[in-house]
Amino acid sequence: LLILDQTLLPHEVREIALATTGEVAEAIRSLRIRGAPAIGIAAAYGLVVAAGAVGRGASPAERLAAVRDAHDLLLATRPTAVNLRHALRRTLAAAAPGPDLAALLLAEARALHEEDRLSCERMAHLALRHVRDGGTYLTHCNAGALATGGIGTALGVFHLAAGRGFRLRVYADETRPLLQGARLTAWELAQSGVAVTLLCDSAAASVLAAGRVEAVFVGADRIAANGDVANKVGTWPLSLAAREAKVPFFVVAPWSTFDLSLPSGRDIPIEERSPGEVLSFAGRRTAAPGADAANPAFDVTPAALVTAIVTERGIIAPVTPATVAALASG
Ligand code: MRU
């Protein structure tokens, strides 16, 4: 499985080959590949890797057991993005013991990948009504092509608009502590010809309050049945600042990001990452000796602070349990 190693971007554009499920799991855990839809797609291909990596003498039942073990290993890599669980379940459901096991898994993984690509296109077209030539917008983390199987979710609309000749400026939060905004979003948008202005995460509120932004666009890692949205930590404070400044706050996410089994965002598991990501910078400890760090990777934005959720099925606005349920059944 070839992936672009996102930890090396933007200074080095290097593909790496993952030959075992353990390597795929490590790549997801260490954010070599990241973003909710992208980790789901990578994990689906990870099951194909598992089927191929079993020794030649293995029986069909042993091969299937190896794929099931891979499913469990990959599912445990990152707890918040529900796309991972959906992709793994769906790909495993396509498995049947026999000589075609790897081919069946590969066909399902490719179908999932292609569906995500099409979802991104559709969401970007739907979100385009909220973007104008000459407009200035704000985003957080990276919800772009790097994070999906297509042109991205929140960034997809900017790529599409730029392709149509719109002149846009996007404020990108640098996204502490791992700098997905500074390293990845800025890299991606610059390639589409979008003017990018980086902001320290803590500067976003004052930029919004100053009236310099027309709308905020972010992605999501899991959306509960009541429309509460888990996304990269810092999204919730951003939504509060947007509400205060009366700036529309849009979430762009495919249907694979919804988890209707959870009544509210309170039930969404939040990944706690290593304190080292906060205590150090570029591999060197920056914090004073003796300091500890908390490192939640995500937070939950209440539905009431979200102006609309753009999905490939349509736009949810206002965001309430009833409007989410209506799109689910529609
Ligand atoms: O920890 P990351 O980099 O995987 O977090 C990614 C995000 O929070 C994105 O906003 C989200 O996955 C949306 S992906 C289109």
Side-chain angles (χ1 to χ4, degrees), residues 3-7 9 27-43 77-87 113 115-117 119-124 127 138-159 170 172-189 201 204 216-223 229-239 249-259 265 268-274 277-278 295-301 306 309-312:
I3 63 155
L4 189 56
D5 186 341
Q6 298 190 30
T7 62
L9 291 172
I28 295 174
R29 246 184 257 115
S30 62
L31 311 185
R32 295 184 200 286
I33 183 153
R34 33 111 351 251
I39 61 177
I41 294 164
T77 51
R78 298 198 71 191
T80 302
V82 76
N83 312 60
L84 179 64
R85 188 176 78 198
H86 287 154
H113 192 167
E115 281 169 31
D116 190 61
R117 188 185 71 74
S119 293
C120 288
E121 292 286 334
R122 174 102 184 109
M123 288 184 283
L138 191 147
T139 192
H140 186 70
C141 195
N142 174 270
L146 290 166
T148 66
I151 59 172
T153 58
L155 298 191
V157 66
F158 303 141
H159 289 306
V170 172
D173 286 351
E174 63 175 356
T175 315
R176 288 287 299 151
L178 288 171
L179 303 182
Q180 284 95 327
R183 294 188 303 104
L184 308 178
T185 294
W187 184 72
E188 238 194 89
L189 289 181
D201 296 11
V216 176
F217 288 85
V218 295
D221 285 76
R222 196 184 296 221
I223 302 175
V229 174
N231 191 48
K232 176 56 55 189
V233 70
T235 303
W236 178 36
L238 189 60
S239 70
F249 188 90
F250 296 110
V251 172
V252 186
W255 197 248
S256 58
T257 303
F258 284 75
D259 184 353
I268 297 176
I270 299 296
E271 177 182 5
E272 185 74 32
R273 292 185 63 85
S274 156
E277 292 178 345
V278 180
N295 190 13
F298 300 92
D299 61 23
V300 176
T301 299
V306 178
I309 304 177
V310 180
T311 80
E312 74 275 29

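In listed order, ligands and their atoms are each counted from 1.
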**Q** Quick one: does ligand 1 sit under 4.0 Å from the side chain of Arg78, the backbone, both or neither, non-hydrogen atoms only?
**A** side chain
**Q** Name the closest protein heavy atom to atom 12 (O) of ligand 1, giving the residue it belongs to and the distance to 0.1 Å.
**A** Ala36 N, 2.9 Å
**Q** Please verify whether a non-hydrogen atom of Pro37 lies at under 4.0 Å from ligand 1.
**A** yes
**Q** Only heavy atoms of Asn142, strictly under 4.0 Å: list the atoms of ligand 1 that pass.
**A** 9 (C)
**Q** Would you say the rings of Phe217 and Phe158 are close, in the sense that their centroids are separated by under 6.0 Å?
**A** yes
**Q** Could Asp299 and Lys232 be called an ion pair, given the rule that one side-chain N must be under 4.0 Å from one carboxylate O?
**A** no
**Q** Taking only heavy atoms of Ala147 into account, list the atoms of ligand 1 that are under 4.0 Å away from them.
**A** 14 (S), 15 (C)
**Q** Any salt bridge linking Arg176 with Asp201? Criterion: basic side-chain nitrogen under 4.0 Å from a carboxylate oxygen.
**A** no
**Q** Do side-chain atoms of Glu312 reach the backbone of Met123 as a donor and acceptor pair under 3.5 angstrom?
**A** no
**Q** Which ligand 1 atoms does Gln180 reach within 4.0 Å, using its non-hydrogen atoms?
**A** 1 (O), 2 (P), 3 (O)
**Q** Does any part of the side chain of Leu9, heavy atoms only, come nearer than 4.5 Å to the side chain of Leu4, both counted from C-beta?
**A** yes
**Q** Under 4.0 Å, counting heavy atoms only: does Ala81 come that close to any atom of ligand 1?
**A** no
**Q** Checking side-chain polar atoms at under 3.5 Å, does Asn142 have a donor or acceptor matched by the opposite partner on Glu188?
**A** yes
**Q** Looking at non-hydrogen atoms alone, which of Lys232, Arg273, Met123 comes nearest to atom 1 (O) of ligand 1?
**A** Lys232
**Q** Regarding ligand 1, does Arg34 bring an N or O atom to under 3.5 Å of one of the ligand's N or O atoms?
**A** yes
**Q** Give me the residue, atom name and distance of the protein heavy atom closest to atom 15 (C) of ligand 1.
**A** Thr153 OG1, 3.1 Å
**Q** Under a 3.5 Å distance rule, please check whether Thr175 uses its side chain to pair with a backbone N or O of Asp173 as donor and acceptor.
**A** yes
**Q** Does the side chain of Val300 reach to within under 4.5 Å of the side chain of Ile270, using non-hydrogen atoms?
**A** yes
**Q** For ligand 1, which atoms, with element, lie under 4.0 Å from some heavy atom of Cys141?
**A** 3 (O), 5 (O), 6 (C), 7 (C), 8 (O)
**Q** Would you call Glu115-Arg117 a salt bridge at under 4.0 Å N-O?
**A** no
**Q** Heavy atom to atom 7 (C) of ligand 1, shortest distance: which of Asp221, Val229, Leu184 holds it?
**A** Asp221
**Q** Near Thr148, which atoms of ligand 1 are under 4.0 Å from a heavy atom of that residue?
**A** 15 (C)
**Q** Of the backbone atoms (N, CA, C, O) and the side-chain heavy atoms from C-beta on, which set of Ile39 has a member under 4.0 Å from an atom of ligand 1: side chain, backbone, both, or neither?
**A** neither
**Q** State the atoms of ligand 1, each with its element, that fall below the 4.0 Å cut-off from a heavy-atom position in Ala220.
**A** 11 (C), 13 (C)
**Q** Is the closest side-chain heavy-atom distance between Pro254 and Thr311 below 4.5 Å?
**A** no
**Q** Can you confirm whether the side chains of Thr257 and Asn83 place a donor and an acceptor under 3.5 Å from each other?
**A** yes
**Q** Name the closest protein heavy atom to atom 10 (O) of ligand 1, giving the residue it belongs to and the distance to 0.1 Å.
**A** Asn231 OD1, 2.7 Å
**Q** Under 4.0 Å from a heavy atom of Gly35: which atoms of ligand 1 are those, numbered in the order shown and with their elements?
**A** 4 (O), 12 (O)
